[in-house]
Each structure stands twice: as C-alpha cells, then as structure tokens.
Amino acid sequence: MRKRAGTLIWIILILSENRISTFEMDYVSINWKKSALVVIDMQYDFVSPMGASPIEGTEAILPELICLADRFRYYKLPIIHVIRLYKPDGSNVDNCRRILIESGKRIATVDSDGANIISELLPSDPVLPDHYRLLTGEVLNIGKHDYVLYKPRWGAFYQTPLEDFLRKKGIDSVIVAGCNFPNCPRTSIYEASERDFRIGVVEGTISGLYNTGREELANIGVNLFTSEEMDPLLKLSY
C-alpha cells in the first residue's frame, strides 16, 4: 500500500510538472477588493505653474489622475492624499532644502494656499484639512472616501501612520500616483514593497516616470496599467 501511494504521488508530480505555475501563489497581482489609491504631493505649489515650486510635467497628469480618483470613488475604494508641509523656520524640512526654506523661500508652507491639495483632485464639498493636526500624525477624513496625511520626507510610509491605516482597513494593494516619480512616488513604492503590499502604477498618473523606471518597477513586481484597463479591473472590487 505504501509503495502504491508513493507511486501515485510521483505520477501526480510528473503530470503537474509543466503546469506548476498554475498552482503557484500569486503575491503581486492587485487585489482590487482590498485596494486603495495613494496620491502623493499633488499640492498647488508643486502642480500649478503659478505655485512656488512647480514640478515639470505634474500639471499634465491632472486629467488622467482626476479620472482615476473619480473611478476609485465610484467603486467606493479609499483614496489617501499624502502631502508635504514645511514649517517656515525649516525645522521639519529635508536637509537638501532646509537652507532654502530657512532663507525665506515659502514652499508648501503650513496653513498656506500653496500647501493645499489641488482642488480638481478633491471630492465634491471636501472638508479642508487642519494642517496643524496633520503635523501631529493624524489621518484626516476629507470626504466620503478621501483621507489626507502628512509625510515628513520622501516616502509616504516614513514616520507616518499610512501602514497602520491601510492594515486596519484591510488594504493589501496600493495604486501609487502623483508627483514626482524620481523622488516621492518611487520612494513610496519601494517602501510599500518592503511592507509586502501589492503595488500598481497607472500610466499618465505619475509625473517624471521614464522607461528605465518602468523596467525597475516591473523588476520588483509592480503592476503597470494603462488608463483604459482601469474600469474593467476596478469592477472586480464589487
């Protein structure tokens, strides 16, 4: 009986050899029922040509990003806006920008219009967040499905409540968008990967994304989507 059972196991293994990928666990595909949109640094000072520090190409992603955010709201999925807030004295500013702020430059200054999220990306009748509460580490609800939090450095997860917030909501997949790939979105994507989140990027919703960056993202398991793919995929969240 033992010999027969052992033979049967070997037969199953041989028959399965060429189909093993069918049974492998998939750890990187987006789980749309447990997904969230993380939008980074889409603030007036960085987006608008009239802002204090406009980032090239960021205003151009607005149409696609607005559409993506509206889709997430339609499917009742959370949107987390992650923003920078610089104190006028420069005390919470990155080393590479601190002298600039200390010398009087005002970029995404606490309680300023320039630090506000660009209005087109917000839900209808949003609650404007209290910047001072954000600085204490609160996540503020600004709409039915929209939230905002402050990050002190490039990454959305560094010294922020983002991971805890996502875990408590049962989120295991994030679509990362916003400004500007070489800095904050890329850092946030790698931080999400280090925390075993499933990650996606939608073409046209991150400024500064280049071909080598796309290859690097694919190499760490990031899913790259087109805007046209999003409606059919988001329907899977229902």
Side-chain angles (χ1 to χ4, degrees), residues 32 35-86 106-131 133-134 138-151 154 156 160 162 165-166 171 174-186 188-189 200-209 224-235 237:
W32 295 102
S35 66
L37 175 61
V38 177
V39 181
I40 297 175
D41 290 350
M42 291 299 289
Q43 297 159 264
Y44 184 87
D45 274 348
F46 304 131
V47 178
S48 172
M50 302 298 291
S53 183
I55 305 299
E56 183 179 357
T58 300
E59 187 183 35
I61 69 171
L62 267 178
E64 293 287 359
L65 185 48
I66 290 167
C67 186
L68 181 62
D70 285 344
R71 286 169 177 154
F72 267 76
R73 292 184 190 108
Y74 178 82
Y75 290 105
K76 299 179 172 59
L77 295 170
I79 301 168
I80 301 95
H81 304 267
V82 186
I83 66 172
R84 298 298 287 266
L85 294 169
Y86 289 153
R106 294 292 173 257
I107 302 172
T109 305
V110 176
D111 214 21
S112 73
D113 290 339
N116 289 334
I117 298 164
I118 202 86
S119 60
E120 295 92 329
L121 265 180
L122 296 175
S124 57
D125 299 321
V127 177
L128 293 180
D130 183 326
H131 289 175
R133 289 176 64 188
L134 291 174
E138 286 191 59
V139 179
L140 301 182
N141 189 193
I142 59 169
K144 192 170 183 180
H145 306 291
D146 289 68
Y147 305 84
V148 61
L149 63 84
Y150 155 75
K151 64 179 176 63
W154 312 113
T160 78
L162 180 57
F165 177 83
L166 295 173
I171 300 297
V174 291
I175 302 298
V176 179
C179 167
N180 151 49
F181 175 73
N183 297 341
C184 300
R186 178 165 59 182
S188 302
I189 287 167
V201 165
V202 180
E203 289 285 350
T205 65
I206 290 186
S207 59
L209 183 57
L224 301 174
F225 302 108
T226 64
S227 293
E228 291 74 21
E229 293 177 286
M230 293 313 295
D231 264 338
L233 291 171
L234 285 168
K235 283 179 182 176
S237 68

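For the numbers below, each heavy atom of this structure counts, side chains included, while hydrogens, waters and symmetry mates do not.
- To the nearest 0.5 Å, atoms OG (Ser207) and CD1 (Ile55) are separated by 7.5 Å.
- Summarising the geometry, atom CD1 belonging to Ile80 is positioned 10.5 Å from atom OG1 belonging to Thr160; distances are rounded to the nearest 0.5 Å.
- Pro129 approaches Val148 most closely through the heavy-atom pair CB-CG1, 3.6 Å.
- When side chains are defined from C-beta on, Arg186 does not count as touching Trp154, because their heavy atoms never get closer than 4.5 Å.
- Annotation: the span from His131 atom NE2 to Thr109 atom OG1 amounts to 10.5 Å, rounded to 0.5 Å.
- With rounding to the nearest 0.5 Å, the separation of CD1 in Ile117 from CD1 in Ile142 is 4.5 Å.
- Minimum heavy-atom separation, Pro63 to Ala60: CD-O, 3.4 Å.
- At least one side-chain heavy atom of Ile107 sits under 4.5 Å from a side-chain heavy atom of Phe46.
- For the pair Arg84 and Asp45, the salt-bridge criterion is not met [side-chain N within less than 4.0 Å of a carboxylate O].
- With contacts defined as side-chain heavy-atom distances shorter than 4.5 Å, the pair Ser188/Val38 does not qualify.
- No side-chain heavy atom of Thr205 sits less than 4.5 Å from a side-chain heavy atom of Ile61.
- Put simply, the side chain of Ile175 reaches to within 4.5 Å of the side chain of Phe225, judged on heavy atoms.
- Minimum heavy-atom separation, Arg71 to Leu234: CB-CD1, 3.6 Å.
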Legend entry - Residue pair Met230, Trp32: steps toward the side-chain contact (heavy atoms from CB on, under 4.5 Å) verdict: CA-CA 10 Å; Met230 293 313 295; Trp32 295 102; 3.5 Å; yes

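- Side-chain contact check for Lys151 versus Leu162: every heavy-atom pair is 4.5 Å or farther apart.
- In this structure, Ser35 and Leu77 approach most closely via the heavy-atom pair OG-CD1, 3.6 Å.
- Nearest heavy atom pair, residue Leu37 against residue Phe72, reads N-CE2, 3.5 Å.
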Inset, instruction - Go through Asn180 and Glu56 one step at a time and tell me if the side-chain contact (heavy atoms from CB on, under 4.5 Å) criterion holds. - result: CA-CA 9 Å; Asn180 151 49; Glu56 183 179 357; over 6 Å; no

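- A donor-acceptor pair under 3.5 Å links the side-chain atoms of Asn141 to the main chain of Asp146, judged by distance alone.
- Side-chain N or O atoms of Ser48 include none that pairs as donor or acceptor with a backbone N or O of Tyr44 at under 3.5 Å.
- Atom CG of Leu121 sits about 5.5 Å away from atom CD1 of Ile66, to the nearest 0.5 Å.
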Legend entry - Stepwise side-chain contact (heavy atoms from CB on, under 4.5 Å) test for Lys144 and Arg73: CA-CA 8 Å; Lys144 192 170 183 180; Arg73 292 184 190 108; over 6 Å; no

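- The CE atom of Met42 sits 9.0 Å away from the CD atom of Glu59 when rounded to the nearest 0.5 Å.
- Here the closest heavy-atom approach between residue Glu229 and residue Thr226 is recorded as OE1-N, 2.7 Å.
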Inset, instruction - List the steps, then state whether side-chain contact (heavy atoms from CB on, under 4.5 Å) holds for Ser227 with Val202. - result: CA-CA 6 Å; Ser227 293; Val202 180; 3.9 Å; yes

